[in-house]
Enquirer: 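Structure provided below as structure tokens; questions to follow.
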Amino acid sequence: MAVYFDHRVEAPDSSGAAVLISWHSSVCVLAVGSVNPSTGGCLDLYLQQGEHVELCHVERGFSPSLLQWHPTKPLLAVGWETGETMLLSHPSGELTPLPNNTYNACITVLEWSSNGSRLVTGDQAGVMAVWRVDARGKLQGSPLIKHDYSKPLTCCIFRPPPPAEDVAMLARAAVSGDESALDMFNWKKSNKGAAFALGSQEGLTFYISTADGSVYSVDEQARSVPLISVESKIQTMWYSKRRDVLAVVTDSLLLSQFSLGPEGIAQEISKVKLSGRGVQHADIVWTENGLLITASGEQHIRLWDVELDDHYALSLDESLGFEKGELLNCVSFCTSKQVLAAGTSRGRVALWHMVTVSDQKGDTKIHWKLQTPAEVEGNISQLQWGSSSHLLAVCSSSCVVILSEHVLCSHYSQQIAAVQLTPTQLSLANFNTNTHITFHTDTHIRAVQVTKDMVAVWNGKYITVYEPSGQTLHSTGSFQCESPALVVHEENIYTVEPNRVQIRTPQGTVKQLLAFSEAEGNPTQLSVCGSYLAVGTDTCHVRVFDLTRREAKAMGVTKNLSELIPDLGALRSVKCNINVFCLDTLSHFDFFTGRPESSLAQSEDSQRYLCFCLCVKVYIKGFCLSWQEDVLVVTFFVTQEHGLLLQDSQPKPATLLSLLALDTPYYYYICKGGDQVVSTPAAAPQVPSSPQMVVRRALRDFVGLESCEKQTRDAMLNFSFYLTIGDMDEAFKAIKLIKSEAVWENMAWMCVKSCRLDVARVCLGNMGNARAARALRNAEKEPEVEAQVAVLATQLGMLEDAERLYKSCGRFDLLNKFYQAAGQWQQAVETAETHDRIHLRTTYYSYAKHLEAMGDKNLALVYFEKSDTHRFEVPRMLMEDNLSLEIYINKMKDKDLYKWWGHYLESQSDMEAALHYYDLAQDYLSQVRVYCYLGNIQKASEIANETGNRAASYHVARQYEGQDEISQSVHFYTRAQAYNNAIRLCKENNLDEQLMNLALLSNPEDMMDTAMYYEEKGTHMDRAVMLYHKAGHVSKALELAFATEQFGALQLIAEDLNENSDPALLARCSDFFIKHAQYQKAVELLVAAKKYHEALQLCLDQSLTITEDLAESLTVPKDSSHLSEAGRKELLEKIADCCMRQGNYHLATKKYTQAGNKIKAMRALLKSGDTDKIVFFAGVSRQKEIYVMAANYLQSLDWRNDPEIMKNIIGFYTKGRALDLLAGFYEACAEVEIDDYQNYEKAYGALTEACKCLTKAKGRSGDEADSKLLILTHKLGLVKRFIQARRMHEEDPVEAVRVCESLLEEKDLDPAVRVGDVYGFLVEHYCHHGNFQQAWSKIEDLRSTRPNINLSLYVSQTSLEALQNAAGVRLVYRDTDTHAAEDDEEVEEDENINH
């Protein structure tokens, strides 16, 4: 609760009516512009209490038009209606005018940049200029930018700068080892770019509007470009940094929003006409979150949330002191306090507190709470919150007032309480005499202290002392004092000043000084209780003084709390108890961890203890408020032996404002007083009386014992203390002499608060409350202690505590029962619906029974339906009201209810109506039963046939059987699926044709019975066999089939035989099928009988194809007991042999593999020709022979054109250690390279590999390998010589020709080097050197050696053409592209060749 002190500004005599006000953003200085009709205009600066700054007074013969403070410096920009613009410095009063020729019209725009380095000015003629201001606040020469828009300028805003780096956060990150943060500090690293910007960056781009609705964007390079245009004059603009949106409001209250792109292009995203009168001077305020607030002289304030696209209005409440028809002229919003202030036409300042609330879904909403207004004189035209959030400047038609918020003062001492009501009014309550008075002071009240004989009031500068005189107080004197702390004890007044405490008389004379060292700090907190004074300093030191003597004397040593309590901030309050002995022990309680922490020392007196309380604000998640402030009152016992002991904590009563004091057995609270913010200016009427502002509430342990004697009070305190420390013996000793049942009941209540069930049992025994004791004993089965305590609370009538305990332990089932027992059915239903759904239907049912007992049958119907018990309970409840019951049944359209009502009507012999409801209920049995009772069996038959209802059909069948209509009876028994009855009738009446079908539809027992019936009669033996078979008696069916030679039935039966059948039966059936040439079926039966060899032999004898399924069935599992492992492998090989003979090589491979014979498996796979499977099988088998077999097979493929096959061949020969075969393969590769590609280099490499292989195999194969190696080495030498001849041809052609000539002399040249290649090399050589005669000679030699050789394979086309042109010879030869069959044809010469 707070009051507002009103300070009227001390305006000079020359000042007129105020027209402009402006607070500095960080300094408590208010600028006021006024107009005097006789002298002109003037400008003045005032401090926070209205003191005039004499040096800062400016007078002109014309009116001021605009005021704008520098954002950081005490520098004010002032614009006048003649165009004159100046800068006024506070407090020196220095004036800096702008150049005289800058403006000639009224100044309409003054706007500082975010850091104040730029000032934008503009006038009504459309001239805009931008000025530079240095760090000292000095104007720098001529304007940076000057532009003429030729239209009146209306408003201007700077675009907010981009966010700068947080240096403090980066520093913390760098210290913790963040590499990126370290790199940002080190801007010299080349790979990290430039350094980051220290401090905030300043945005120099701004937007300026003109009277025709145009907005221009002006950037740092002085470029002014049109941005947007609206229909009328723009009154205000706002920029959303989060969304990059510019919002403008015109004088017709048209709100337009534009999205600004990176290229400076604006796109309109919305246009809305705001509610309200579009007046030219409407007061419009923007908040940081995009909330637009307008006041236009109406009875409402209108708000528009631009971010959420939501709008609403706020109005005044006459019950809070506002008048009907009062208009709202102006608004101002305080961001730090979230308070909206509005000025009215009747001189009142309305204050709304903004509260953000959220529901269970997480959706947030804003609520505005209106408070009692402050009042000033005249019609309020302007409001503005000051740099300090507790200052509000109000400009009215008669004066300028600064409202300063102040928290209400209060004090309690010696059963006397004082509470401030208004700035100059106190409420005094004397609880000893139960009297209450209200009196007014001559000054504002900033602090108050009371004793039984004195009241001291401090207004910030003076202390005034009052003494009681009857029902009033009179002043006994005052003296000057600016002490921020004040206490009174007996006839002494204690005040503070730097480094000392002053002890004064009521007249202000200083009697004694209590000095504090520089290390101890300056005293800031004072507290007196009993005869002790506690002093707290700004350095967190605490000293205690004894006041019992003539002079105050320090007790113990000064305690430095910052050394004893970690992370201690500043001291907010220091209180002492009435019993203070020493400061040897210091204990503190951490409300965040919830446990006390103590520094231990010697105790002088362990029998003394103290009790005090703290008011702690915690934040909990609420149901409605997103964050709800909950105030807890916490009580401690304090002893030197045990330190701080938490005794109790309870929420502050919601109807009370704050805790004033604790004086056993009461808490003293300050009332809320209507939740009002009070302001009483001098002009306000005096209040003759005020409500009681202080109330007292009993402590938990003294509820009901407020007026007990001191002995009982001490006993209760001792009991509570020992109970808190857990000393039960001492606790019972403290109260053993108490005989009052009320005291024991009070202690039982204490046990509920402290959850001490052991003590509660003793209390209940002394109370004689057997019922509660029995309930508590029964509650011991509950696992939660809170649930047991809740039972005790219920028995003691503490229903709120019981409810709280059940909720705290999560026992919503017991809470549900509690609500039901307490008659709180709505809470019970809500609890069941949200937390106890397992008992939801039970709760609905119990509530319905309760409503029925209360006579509310209509609501009982609803909850019987919710509990799903309405089908029984509603007819029972409405039985005496048949009409209502019938209406309810017809309305519900429930089949069960229709059926029940039909039964009731039938019992009343109303058959027609009963049939109607049976039909609605689709109860066909009841319909058939009634129709049969009425003798209309034909209608009953139709219903049974149409619906197919089994029960109805059975009833009709019984009726027909009673009338000996056998066929109809059998028919309906069949529809009812009562086949045994139908079979019975067929047997009795020889209806054999129907008997078979009925038996097949019935169960196996009926099938057996019918089969035996046919067998006994000796007729229809095929039916008997089939029924035995269907009934599962296969042996009996086969026996009867063999006996009667029913081969068709045998085949059907055999299809159902499997390995689980009797082996003898299987063998017998297989012989039967062999006899009748059904070999495939016989094989299957032999396999089922585990006669695998016989089955396989039958396949061989009858040439049956062995399919994969048959082969699998013939395969015996490894763990089978029918065959040994050797026998199993033998059987598998026989199966594989059979598959080989049938050409099923893959299946043969599989069975050979299963038999473990991989060699045969590989042979079978080779016959299949499946290359991929051959390669895979060889890879997984890992046997030498298989590797060689696979490689030999792959050589038969086109390995010359498939590198993968060649790779596998080499790999398999290598893995199979067949080096001689690998050498032969390499030799074959060399031949291919020579014959197909004339690539002697690759052939040489292949022959080299072959030599290596033969060298390795030399020790294994003996002489044969040696001879092969010699031959291969000779070939290798010939190939090497030819390769060398070809390589040396360019460098030494003569030597190359010689080597080739020597090669031609070799006898066994051709297997290694083709003769044609050697001759071709020589021919090419001679042709290249123009020796065509010699070339021709070599061709002749080649032809003589190889008569049918194709020259084009060895000599190039170019050389041949050159040779025949030079020799004049036409050669007939084939190209290399001719068919292979023609390669061996002889090259014929022309018949006209002349030698």
Side-chain angles (χ1 to χ4, degrees), residues 1 3-7 49 406-496 502-512 526-529 533 547 660-661 663 668 670-671 673 678-695:
M1 195 169 180
V3 295
Y4 279 91
F5 293 164
D6 53 324
H7 304 282
Q49 293 190 5
H406 173 66
V407 179
L408 287 178
C409 301
S410 61
H411 184 243
Y412 172 89
S413 177
Q414 301 172 349
Q415 295 291 305
I416 298 177
V419 178
Q420 183 181 9
L421 297 178
T422 69
T424 60
Q425 190 179 31
L426 277 177
S427 171
L428 292 177
N430 190 329
F431 289 95
N432 285 324
T433 61
N434 199 21
T435 59
H436 167 247
I437 62 173
T438 302
F439 81 100
H440 294 275
T441 64
D442 299 331
T443 61
H444 287 158
I445 304 171
R446 292 189 178 273
V448 63
Q449 289 285 309
V450 296
T451 65
K452 63 181 179 179
D453 300 321
M454 184 191 306
V455 176
V457 175
W458 178 64
N459 69 349
K461 294 183 179 180
Y462 291 89
I463 294 177
T464 305
V465 180
Y466 297 87
E467 291 183 356
S469 176
Q471 294 297 320
T472 62
L473 299 175
H474 67 276
S475 174
T476 61
S478 66
F479 56 90
Q480 185 176 1
C481 180
E482 297 184 358
S483 168
L486 169 70
V487 294
V488 177
H489 175 65
E490 295 181 351
E491 296 297 325
N492 295 329
I493 299 175
Y494 298 83
T495 60
V496 300
Q502 300 167 325
I503 304 178
R504 299 172 180 263
T505 64
Q507 291 75 32
T509 303
V510 178
K511 296 169 54 177
Q512 183 182 355
L526 298 178
S527 174
V528 168
C529 188
L533 169 68
L547 307 181
L660 177 61
D663 192 356
Y668 289 84
I670 300 176
C671 299
V678 184
S679 174
T680 308
Q686 298 296 320
V687 181
S689 63
S690 62
Q692 176 74 26
M693 293 300 296
V694 178
V695 296

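Note that the structure is a prediction, hence the values are computed from the model and not measured. All residue numbers in this chain count up from 1 along the given sequence.
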Enquirer: Who are the ring pair (Phe, Tyr, Trp, His ring centres under 6.0 Å) partners of Y412, not counting sequence neighbours?
Expert: Y668
Enquirer: S410: which residues meet the side chain to side chain donor-acceptor pair (under 3.5 Å) condition with it, sequence neighbours left out?
Expert: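 None.
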Enquirer: State, with a plain yes or no, whether a side-chain heavy atom of I463 is found less than 4.5 Å away from one of S478.
Expert: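 Contact flag for I463/S478 side chains = no.
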Enquirer: Would you give the length of the straight line joining atom NE2 of H440 to atom CG of L421, rounded to the nearest 0.5 angstrom?
Expert: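 Spacing of NE2 (H440) from CG (L421) equals 8.5 Å.
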Enquirer: Atom NE2 in H411, atom OG1 in T451: separation rounded to 0.5 Å?
Expert: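 Those atoms lie 9.0 Å apart.
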Enquirer: What are the two closest heavy atoms between Y4 and P423, and how far apart are they?
Expert: O-CG, 3.6 Å
Enquirer: When rounded to the nearest 0.5 angstrom, what distance separates SG in C481 from CD1 in I493?
Expert: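 Those atoms lie 9.0 Å apart.
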Enquirer: I need the T472 OG1 to I437 CD1 distance, nearest 0.5 Å.
Expert: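 Answer for the OG1-CD1 pair, T472 versus I437, is 7.0 Å.
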Enquirer: Any pair with a residue in residues 483-494 that passes side-chain hydrogen bond (donor to acceptor under 3.5 Å, both in side chains), sequence neighbours left out, goes on the list, sorted by first then second residue, please.
Expert: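 Applying side-chain hydrogen bond (donor to acceptor under 3.5 Å, both in side chains) to every pair that reaches into residues 483-494, excluding sequence neighbours, yields N492-K511.
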Enquirer: In terms of side-chain heavy atoms, does N430 have a donor or acceptor partner in Q415 at a distance below 3.5 Å?
Expert: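 There is no such pair between these side chains.
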Enquirer: List in chain and number order the residues that pass side chain to side chain donor-acceptor pair (under 3.5 Å) with R446, two or more places apart in sequence or in another chain; answer none if no residue qualifies.
Expert: none
Enquirer: Compare every heavy atom of S527 with every heavy atom of V487, then report the nearest pair and how far apart it is.
Expert: CG1-N, 4.0 Å
Enquirer: Is there a side-chain contact between V419 and L426 (heavy atoms, below 4.5 Å)?
Expert: no
Enquirer: Does anything in residues 452-465 pair up under side-chain hydrogen bond (donor to acceptor under 3.5 Å, both in side chains), and if so which pairs, sequence neighbours excluded?
Expert: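 Not a single pair qualifies under side-chain hydrogen bond (donor to acceptor under 3.5 Å, both in side chains).
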Enquirer: Passes side-chain contact (heavy atoms from CB on, under 4.5 Å), L428 versus T438? Steps please.
Expert: CA-CA 6 Å; L428 292 177; T438 302; over 6 Å; no
Enquirer: Using a 6.0 Å cut-off, check whether atom CG of N434 has over 12 heavy atoms from anything other than its own residue.
Expert: no
Enquirer: Answer with yes or no whether the side chains of H7 and Q49 bring together a donor and an acceptor at under 3.5 Å.
Expert: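 H7 and Q49 do not have a side-chain donor-acceptor pair below 3.5 Å.
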Enquirer: When rounded to the nearest 0.5 angstrom, what distance separates OG1 in T476 from CE in M454?
Expert: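 T476 atom OG1 to M454 atom CE measures 7.0 Å (nearest 0.5 Å).
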Enquirer: Do the side chains of V694 and L660 get nearer than 4.5 Å, heavy atoms only?
Expert: yes
Enquirer: For F439, enumerate each residue passing the ring pair (Phe, Tyr, Trp, His ring centres under 6.0 Å) test, keeping only those at least two apart in sequence or located in another chain.
Expert: Y466
Enquirer: Using 0.5 Å steps for rounding, measure from the CD atom of E482 to the OG1 atom of T495.
Expert: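 OG1 of T495 is found 11.5 Å from CD of E482.
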Enquirer: Side chains of H444 and T424: any donor to acceptor distance under 3.5 Å?
Expert: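 H444 and T424 do not have a side-chain donor-acceptor pair below 3.5 Å.
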Enquirer: Do the side chains of V455 and L473 get nearer than 4.5 Å, heavy atoms only?
Expert: yes
Enquirer: Does any donor atom in the side chain of T435 or T433 lie under 3.5 Å from an acceptor atom in the other side chain?
Expert: yes
Enquirer: Scan V448, I445, V457, I670 and name whichever one has a side-chain contact (heavy atoms from CB on, under 4.5 Å) with Q420.
Expert: I445
Enquirer: Between T509 and R504, do the side chains contain an N or O donor and an N or O acceptor separated by less than 3.5 Å?
Expert: no
Enquirer: Taking the side chain as every heavy atom from C-beta outward, state whether Q425 and T441 have any atom pair closer than 4.5 Å.
Expert: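 Result no, sub-4.5 Å side-chain heavy-atom pair not found.
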